[in-house]
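Chain identifiers are assigned alphabetically (A, B, ...) following the order of the sequence lines, protein sequences preceding nucleic acid strands; residue numbering begins at 1 within each chain.
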2 protein chains.
Amino acid sequence: MVGTELLLGEIIDTNSAYLSEKLAEMGVDLYYVTKVGDNQNRIADLVRQACQRADLVITSGGLGPTSDDLTKEAVAQAFELELVLCRKALKAIEERFHSMHATMSDNNRRQAYLPAGARALPNPKGTAPGVLLELPEDKAVIMLPGVPIELKAIMDGSVIPYLKERTANGGGGIIGSRVLRFYGLGESTLESVISDLIAAQTNPTIAPYAGSGEVRVRITAKAKDELEAAQLIDIVEEELLARLDEYFYGYGDEGMEVVVARLLSAKKQTLATAESCTGGLISHMLTNVPGSSAFYMQGVVTYSNTAKARVLGVAPKLIEDHGAVSEEVARAMAVGVREWAGTDIGVSVTGIAGPGGGTETKPVGLVYFGLSSAQGVVVERRQFAGDRLQVKERTALAVLDLVRRHLLQRV
Amino acid sequence: MVGTELLLGEIIDTNSAYLSEKLAEMGVDLYYVTKVGDNQNRIADLVRQACQRADLVITSGGLGPTSDDLTKEAVAQAFELELVLCRKALKAIEERFHSMHATMSDNNRRQAYLPAGARALPNPKGTAPGVLLELPEDKAVIMLPGVPIELKAIMDGSVIPYLKERTANGGGGIIGSRVLRFYGLGESTLESVISDLIAAQTNPTIAPYAGSGEVRVRITAKAKDELEAAQLIDIVEEELLARLDEYFYGYGDEGMEVVVARLLSAKKQTLATAESCTGGLISHMLTNVPGSSAFYMQGVVTYSNTAKARVLGVAPKLIEDHGAVSEEVARAMAVGVREWAGTDIGVSVTGIAGPGGGTETKPVGLVYFGLSSAQGVVVERRQFAGDRLQVKERTALAVLDLVRRHLLQRV
């Protein structure tokens, strides 16, 4: 990934995530992704190194018309090649300018020069052609522009067909993967439960990683096609769930709020929230899900004790006796919000998000949350670590998980 | 950047952009950023190569408790070192588990092992300590966890002070920078207003960049010390504000909610929120600011029309005549929430966050928001682009900016 702007933190590199995904789909193992600035020697050194440690090197960026676009020069330098004019590429650039009714500058002519022996890959979205340079020992360097839309167009039009042919000749197959999400146990606990599976893994592989307040496990399979990959992954998923079913809540990109929203919709249940320490976050998360107006009508943030009393009918005496952060108040809030909103389910949360407000007996991170329904009320207590926002986020996740368990009749 | 998930395209690496920015601020030239998977040999090769081409190597990721966390093992391998138990690190991990009332597993004990000669860097946000390994020829490897909040905490607490001392001893001078935040104009408009300043820049440099719904300008000065840098930056800031004062709202990391919270506290004003399409986000943002209970007592999310009527007293006839997304309803909600909560200020928002619910006359992204105070009511209308979450975020920012302008008597 070539470009000084990538090293200054001003631009987040999205091309490499795109390329990673495409390569994985084709079964190409990606070993390294490196960002380097617009410096010809450093790019040349990097490409040389990269060709030693891999069969294929793809570059992105540095093919533009300006003087800090140096990728082709650097690749030529790395393999001691001349840059030569490619007439076909020049014609394509000329035609593009013609169709845009624009005048071509000498700088754009530079874009038609390629390292000797290389071949231009047509760019339907811009002037810079991609470049394919095949090297001895079946190695290759593919140079793509940094503009994402151009990079993608050349990948689709030229690179993917080229790589498919290469991998098919090599009998390559594809890489498929699936992510399972778990709530309620830590990464190290999870790993100890499945350590024998991890130790025995070959294909598919199993990799746990920590999310924010949850744990994910990625199962990755090499297979001849997507169907076979899915079948291999299914077997491992089944083994994992046999041990971890009570913690499993969903797949892939879908957060807890999406899972809860789907359950609420499916069971035609409505929900109202009464939030103190989370300050509206639970409500925000639920309403991030499109269609949430089907189950979510109203919620209230009762930050002050007065609000808890006035809106939710929490008796001031209860707060006086037990404190606002207590099982009793969480219970009264859950009952109160269900009544206030007229919903099937009322959830409540009261706690100390910090950094101030903690005491010896009620430290920062202590939260009580409740759920009221036709079946009665449950209240849970948790002690979270982290800063103010982390306590809010972990609490929101715990409350949503309580709703999930309630809807699955596991509470 | 260590982690197979980074190479599969499932996670966008934001740590390297963060590190890039911090290193630039300290005047450290960043030459390469490389992503590598959880493979001990490849990580070891990479770290060895990286130490040949740079004085300082920072790694992120692979310090967790599980068996695919291999960064310390790989660094030890690269420099032929043993891993030895660091009692101080072990004690910190034990204390963390103790304070969380959680049981520590043997896996977490692994996190206290460091390459021989290395030193643990305290991690206030997690169990994995950072690691500093100083090598011959004034080289160093710094290992940080991959969880962004932990990485940032160790950078702030240990790495930045360490690097500042190193660069100061090298007589290098420093790079100081300051970010000004603007709301209410686009990046290209801003750039055209100050294009002459950008064209003439040498030291300090001026770089505008787009944030989420706002624009920031970073002023960066090279100077012998922080005082000189601040003086150079002051001059440029003054020139910028002479042209852009009406859009300027704050500095650096402080978001609009922090600025609004500070104004509310200073002016001893209280605020209540009535949210429809933002679904609790405004409330969440305000309560992210420590001490927000001084000005924020309660808020309500009235997602349904029934809730708007019952809680806020919005006449059903008004909704029938004008629609829930209308100036009239925003006005009635703002008046209603101020009365409901008994606060100095009531703000309201109603709109269409999408993706569904838009019509020809009221498309997705249309929002009305109001502010009610002793001085009367103002309502504003905006049309935002973007997906559901972006519309919510842009709306919340616009509402908070209205509160800011009200408190500064600019509405």
S.K.: What closest approach, in Å, do A:E191 and B:S67 show between heavy atoms, and which atom pair accounts for it?
M.R.: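 Where A:E191 meets B:S67 most closely, the heavy atoms are OE2-N, 3.0 Å.
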S.K.: Quick one: are A:L6 and B:S20 in side-chain contact, heavy atoms under 4.5 Å?
M.R.: no
S.K.: Top residue by heavy-atom pair count (under 4.5 Å) with chain B, among A:L286, A:I282, A:T14, A:V311?
M.R.: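 Answer, by heavy-atom pair count under 4.5 Å with chain B: A:V311.
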S.K.: Is there side-chain contact between A:Q390 and B:K125, with at least one heavy-atom pair below 4.5 Å?
M.R.: yes
S.K.: Examine whether an atom of A:I198 lies under 4.5 Å from a heavy atom of chain B, and if so say whether it belongs to the side chain, the backbone or both; otherwise answer neither.
M.R.: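 Just the side chain, heavy atoms under 4.5 Å.
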S.K.: Need one label for A:V289: side chain, backbone, both or neither, based on atoms under 4.5 Å from any heavy atom in chain B.
M.R.: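 Contact with chain B is through the backbone of A:V289 alone.
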S.K.: Mind checking side chain to side chain donor-acceptor pair (under 3.5 Å) for B:D156 and listing every partner two or more places apart, or none if nothing turns up?
M.R.: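 Testing B:D156 for side chain to side chain donor-acceptor pair (under 3.5 Å), a comparison that skips the adjacent residues, returns none.
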S.K.: With a 4.5 Å heavy-atom cut-off, do B:V28 and B:K22 have their side chains touching?
M.R.: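 The answer is no; the side chains never approach within 4.5 Å.
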S.K.: If you count heavy-atom pairs under 4.5 Å with chain A, which of B:D106, B:D13, B:L281 comes out on top?
M.R.: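 The option with the most such pairs is B:L281.
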S.K.: Chain A: which of B:D45, B:V33, B:L30 shares the most heavy-atom pairs with it under 4.5 Å?
M.R.: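 Of the candidates given, the most pairs with chain A belong to B:V33.
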S.K.: Mind ranking B:R53, B:R96, B:E275, B:M1 by heavy-atom pairs under 4.5 Å with chain A and telling me who comes out on top?
M.R.: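 Among the listed options, the one with the most contacts to chain A is B:R53.
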S.K.: Hey, which of A:S293, A:P363, A:G386 has the most heavy atom pairs under 4.5 Å with chain B?
M.R.: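 Highest number of heavy-atom pairs under 4.5 Å: A:S293.
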S.K.: So which part of B:D69 gets closer than 4.5 Å to some heavy atom of chain A, the side chain, the backbone, both or neither?
M.R.: side chain
S.K.: Looking at B:P65, B:G3, B:G126, B:P124, which makes the most heavy-atom pairs under 4.5 Å with chain A?
M.R.: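 Greatest number of close heavy-atom pairs with chain A: B:P65.
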S.K.: So which residue, B:A353, B:S292, B:S99, B:G64, ends up with the most heavy-atom pairs under 4.5 Å with chain A?
M.R.: B:S292
S.K.: With side chains defined as the heavy atoms from C-beta onward, is the minimum distance between B:T34 and B:Q49 less than 4.5 Å?
M.R.: no
S.K.: Below 4.5 Å, heavy-atom pairs only: which of A:G342, A:A385, A:A307, A:G299 has the largest tally toward chain B?
M.R.: A:G299
S.K.: Is the number of heavy atoms from other residues, nucleotides or ligands within 6.0 Å of CG (A:D196) greater than 12?
M.R.: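 Above 12, so yes.
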S.K.: Checking A:K308 now: which residues fulfil side chain to side chain donor-acceptor pair (under 3.5 Å) with it, not counting sequence neighbours?
M.R.: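 Listed in chain order: A:S276.
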S.K.: Check whether B:L19 gets within reach of chain A through its side chain, its backbone, both or neither, counting any heavy atom under 4.5 Å.
M.R.: neither
S.K.: With chain B as the partner, which of A:V36, A:V301, A:L389 has the greatest number of non-hydrogen pairs under 4.5 Å?
M.R.: A:V301
S.K.: If you tally heavy-atom pairs under 4.5 Å against chain B, which of A:G279, A:G37, A:A207, A:G280 wins?
M.R.: A:G279
S.K.: Side chain, backbone, both or neither: which part of B:N108 has a non-hydrogen atom closer than 4.5 Å to chain A?
M.R.: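 The answer is the side chain of B:N108.
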S.K.: Chain B heavy atoms under 4.5 Å from A:R388: which part of the residue, side chain, backbone, both or neither?
M.R.: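 Just the side chain, heavy atoms under 4.5 Å.
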S.K.: Hey, which of B:N305, B:N39, B:I149 has the most heavy atom pairs under 4.5 Å with chain A?
M.R.: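 Max contact count across the listed options: B:I149.
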S.K.: Would you check if A:M155 and A:N15 make a side-chain contact, meaning some heavy-atom pair closer than 4.5 Å?
M.R.: no
S.K.: Name the orientation class of the two ring planes belonging to A:Y296 and B:Y303 (parallel below 30°, tilted from 30 to 60°, perpendicular beyond 60°).
M.R.: perpendicular
S.K.: With chain B, which of A:L46, A:T302, A:T278 has the greatest number of heavy-atom pairs at distances under 4.5 Å?
M.R.: A:L46
S.K.: Would you confirm whether A:Q383, through its side chain, and A:V364, through its main-chain N or O, come within 3.5 Å as a donor-acceptor pair?
M.R.: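 It does hold such a pair.
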